[in-house]
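Okay, structure first, notes after.
Reminder, nothing fancy here: chain letters follow the sequence lines and each chain counts from 1.
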There are 2 protein chains.
Amino acid sequence: MVASSVWVRWPRRQTQFPARPTRPPTRGDPPVSTGRPTLADVAVAAGVSVSTASLAFSGAGPIAAATRDRVLAAAADLAYPGPNPLGQQLRTGRSGIVGAIFGDRLRRSFRDPVSIQMLDGLAQSLGAHDIGILLIPSEAGDVPPLVAHAAMDAAVVVLCNGPDDAVVAALARRGIPVVLVEGDLGAPTERDGPAGRVPASHPTARVGIDDRRGTEALVRTLRALGHERFGVVALPFGHDRRLGEPDPARDPRSGYLATRRRLAGIADAGVVPEIVIETPASLVEHGRSAGHEILSRPDPPTAIIALSDLLASGVVLAARELGLRVPEDVSIAGFDGLDLPWLAPDVLTTVRQPLAEKGRQAGEAAIALIAGVPFPPVILPVQYEQGTTTAAPRAASHSNG
Amino acid sequence: MVASSVWVRWPRRQTQFPARPTRPPTRGDPPVSTGRPTLADVAVAAGVSVSTASLAFSGAGPIAAATRDRVLAAAADLAYPGPNPLGQQLRTGRSGIVGAIFGDRLRRSFRDPVSIQMLDGLAQSLGAHDIGILLIPSEAGDVPPLVAHAAMDAAVVVLCNGPDDAVVAALARRGIPVVLVEGDLGAPTERDGPAGRVPASHPTARVGIDDRRGTEALVRTLRALGHERFGVVALPFGHDRRLGEPDPARDPRSGYLATRRRLAGIADAGVVPEIVIETPASLVEHGRSAGHEILSRPDPPTAIIALSDLLASGVVLAARELGLRVPEDVSIAGFDGLDLPWLAPDVLTTVRQPLAEKGRQAGEAAIALIAGVPFPPVILPVQYEQGTTTAAPRAASHSNG
DNA sequence: CTGAAAGCGCTAACAC
DNA sequence: GTGTTAGCGCTTTCAG
């Protein structure tokens, strides 16, 4: 049974909203006179000059209380909604907007709480300065028109792809300061990729976490429990997203920094995984697929490290579906420190990163760069968190893996 | 064991980025000359007038190909990044930005895939017109500064609270067209709430779904299966969010439209629920709490209707935790039509709504209003979808409920 | 097809 | 404490 099966859509009339009367157009008069009162109108009504009227609103200079009240009263009379931001912006050269560019589809990024929590922190620090966030979803590879044309005072770029990131190059060309979250531009000598050149002098800041030491600590803990044979479910390596074992031919220098660093931490702990599955995105279903792939093998590894909690939770689901007990039959760990109530009764062993703080720092970085102040790189610490999904392997076999 | 325990933060130097040389300031010269090339510079370099140079970039008028090439070459020479959007915006009176205002915390809204999918659709339709989305998180009740001051050509307001919504009033005062998603302004006569007056003439559009008939169809189906005793886990009733049985004293006319309408649909199907639990937000954990509350009672209802899928999935978790089989012991249904892979092997019985399409329509509405064209109300259909979480009650007792 | 002129709405340096 | 003045960078008539 279907609730309703047609698209209800009332006919559209072509009538315009009532146009306000405009003064007779003179030569060179732009056709876009809004008809709304301006600061000049208020000034006339209050019997003061425009500059004084401006002061009444901005408070950016000395003004007699009586004068200010007179101006505000006149404004109220005229239903003047306050200074037009467009005029302010042109005059001050500031838009009051910071672009947030996600190197991925909105849909995919936003199904991941990691992006959201970061965005929340970003909104906090920028909001405190009355700076707005312009959402710029960006398909992998191409440069969205908004990056090229929208007004913004700075941009926060999440998950850029290294030296050749065309988005960052476009921003640099426009002179827009860039905050790189979980990204870098490569060594200065590498910055002249085909897509563009980011001059070393371009105002840039970096905010990241110490993920390398995070996975290292995690893996060391698992080794101490007796695990010797590891599987890894990895985040995407780069914009060319795929599911399966990674292409051995890929340039290990390129691709997403977070993925590279978290893998490096595993190596730091002295572990060479028996199997690595790359996923196209940090989503439960991809973790589930990867989990099935790894756990269905004969004699699978005793511990699986997923590079994100969403992936790890997918692996847990896969294990459950295969009738494996977690952590008795297989230990599963994640990364991020998300709250995943639906995994109950299990609680993921993970490496918690300060997501909101990362966003907040990115916001502070943007604010600093806008003010012309350099912002030194920030690397936030992460913390190992024991959950219920890891334990010693059933038979801590000392046979070589 | 802890990966690292201090906040790594390198010392901040106070050096400025190298300031570009500015021409000696003359009287009245604003201090904010960017030093970057302008269209005038390009025009000089190309040996044409500014108006011609403008045409070379906008293509909004006749221009000789040779002239255009000369201008573009000069622009490339000067590393001119294209017309400054701030100038364009003041001149055209358009910011190219639509505000997206969520009547809730960013964090909360964005943990809910419903908001995200809508936002994705919104980005689609606005992006096709090169219009950017300004993200405006809004605490319940107060008017964010960005609503009052940010430049935008229109605003999409999600989940407004009825006639007295201060955010909508503020937008109306500024003359900014408003698209209401899942909201209304009450009857015209009610629009003069204490918080503000939204004149009937103010450009406004509405986009919603046929949720009333959705829950009606759902409940009728359950009744046909033999269910007679229902519990309801409700979305928040209004900005005053709480968990528990609803305040009987609340004005049934106020509060979130979606909640009211979905409840109305249940009544339409001839059902008076034995128990209603209101939740503070559409989140799994609240559904879980509510589920425990309902299912722990003696002789609980045989069917539980949650007004969102996230809430419903929480109820499923609660049932599992209480050792109840779904749907044998209790039927559970949701609303939205989300993909919840982690609920496997269960698939929610639900009412699917076209979320992305809702966002797309909101975007189209905004575009229409910006162009001064009225946009008639849109009510999108919903569709009942049978999952595995509903079935006939174990003993379809015909004793009166 | 190109150039001249006018001004969108505002702020801020400076003179009074 | 207030007014004068000069644009911010751009688009768009309209004349040639």
Side-chain angles (χ1 to χ4, degrees), chain A residues 22-44 46-71 75 80-96 149 151 175, chain B residues 22-44 46-68 70-71 75 80-96 149 151 174-175:
Chain A
T22 324
R23 43 187 151 71
T26 55
R27 192 173 161 290
D29 200 38
V32 279
S33 58
T34 56
R36 304 183 65 80
T38 78
L39 195 53
D41 298 329
V42 174
V44 169
V48 297
S49 71
V50 260
S51 53
T52 303
S54 174
L55 259 34
F57 285 97
S58 69
I63 185 173
T67 315
R68 186 185 51 236
D69 293 347
R70 198 146 38 90
V71 172
Y80 175 68
N84 181 332
L86 264 28
Q88 294 180 304
Q89 289 173 196
L90 176 58
R91 178 57 223 231
T92 61
R94 294 244 141 84
S95 63
H149 302 302
Chain B
T22 324
R23 43 190 151 69
T26 54
R27 191 174 161 291
D29 199 37
V32 279
S33 58
T34 56
R36 304 185 64 82
T38 77
L39 196 54
D41 299 329
V42 174
V44 169
V48 298
S49 71
V50 261
S51 49
T52 303
S54 175
L55 258 35
F57 284 97
S58 70
I63 185 174
T67 314
R68 187 186 51 235
R70 201 145 39 91
V71 172
Y80 176 68
N84 181 333
L86 263 29
Q88 293 180 304
Q89 289 172 198
L90 176 57
R91 178 56 222 232
T92 59
R94 295 244 142 83
S95 65
H149 303 303
R174 293 184 58 191

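Among all heavy-atom pairs drawn from A:Ala53 and A:Leu39, the shortest one is CB-CD1, 3.8 Å.
Side-chain N/O atoms of A:Tyr80 include none lying less than 4.0 angstrom from OP1 or OP2 on C:dG9. Using a 4.0 Å cut-off, some side-chain N or O of A:Thr52 falls inside it from OP1 or OP2 of D:dG3. Between A:Ser49 and the phosphate of D:dT4, there is no side-chain N or O to OP1/OP2 separation shorter than 4.0 Å. OP1 or OP2 of D:dG9 has not a single side-chain nitrogen or oxygen of B:Thr38 nearer than 4.0 Å.
Of the possible polar contacts, none joining the B:Arg174 side chain to the A:Pro81 backbone as a donor-acceptor pair under 3.5 Å is found.
Rounded to a whole Å, the CZ atom of A:Arg94 is 15 Å from the C1' atom of C:dA12. One atom, CZ of B:Arg70, and another, C1' of C:dC1, lie 12 Å apart when rounded to the nearest Å. Going from atom CG of B:Leu86 over to atom P of C:dG7 covers 22 Å, rounded to whole Å. Atom pair A:Asn84:CG and C:dC8:C1' shows a separation of 9 Å (rounding to whole Å applied). Distance B:Gln89 CD to C:dC10 P: 15 Å, rounded to the nearest Å. Between the CG atom of A:Asp41 and the C1' atom of C:dC10 there is a distance of 13 Å, given to the nearest Å. Protein atom CZ of B:Arg91 is 8 Å distant from nucleotide atom P of D:dT13, rounded to whole Å.
Taking 4.5 Å as the limit, some side-chain heavy atom of B:Asp41 sits within range of a side-chain heavy atom of B:Thr38.
Residue order along DNA chain C, read from the 5' end via each residue's closest nucleotide, puts B:Leu55 first among A:Leu39 and B:Leu55. Place A:Thr67 and B:Gln88 on DNA chain D by their nearest nucleotides, and A:Thr67 ends up nearer the 5' end.
Heavy atoms of A:Ile63 sit under 4.0 angstrom from primed sugar atoms or phosphate atoms, though from no base atom.
Remark: A:Leu86 CG to B:Thr92 OG1 distance equals 7.0 Å, nearest 0.5 Å. To the nearest 0.5 Å, atoms CD (A:Gln89) and CG (A:Asn84) are separated by 8.5 Å.
Listed nucleotides D:dC8, C:dA5, C:dT2 differ in distance to A:Leu90; the shortest reach to its side chain belongs to D:dC8. For B:Pro62, the listed nucleotide lying nearest its side chain is C:dC1; candidates were C:dG9, C:dC1, C:dG3. Between D:dT2, C:dC10, D:dC10, one nucleotide has an atom nearer to the side chain of B:Pro83 than all others, and that is D:dC10.
For D:dT4, its base sits under 3.5 Å from the side chain of A:Ser51 at one donor and acceptor pair at least.
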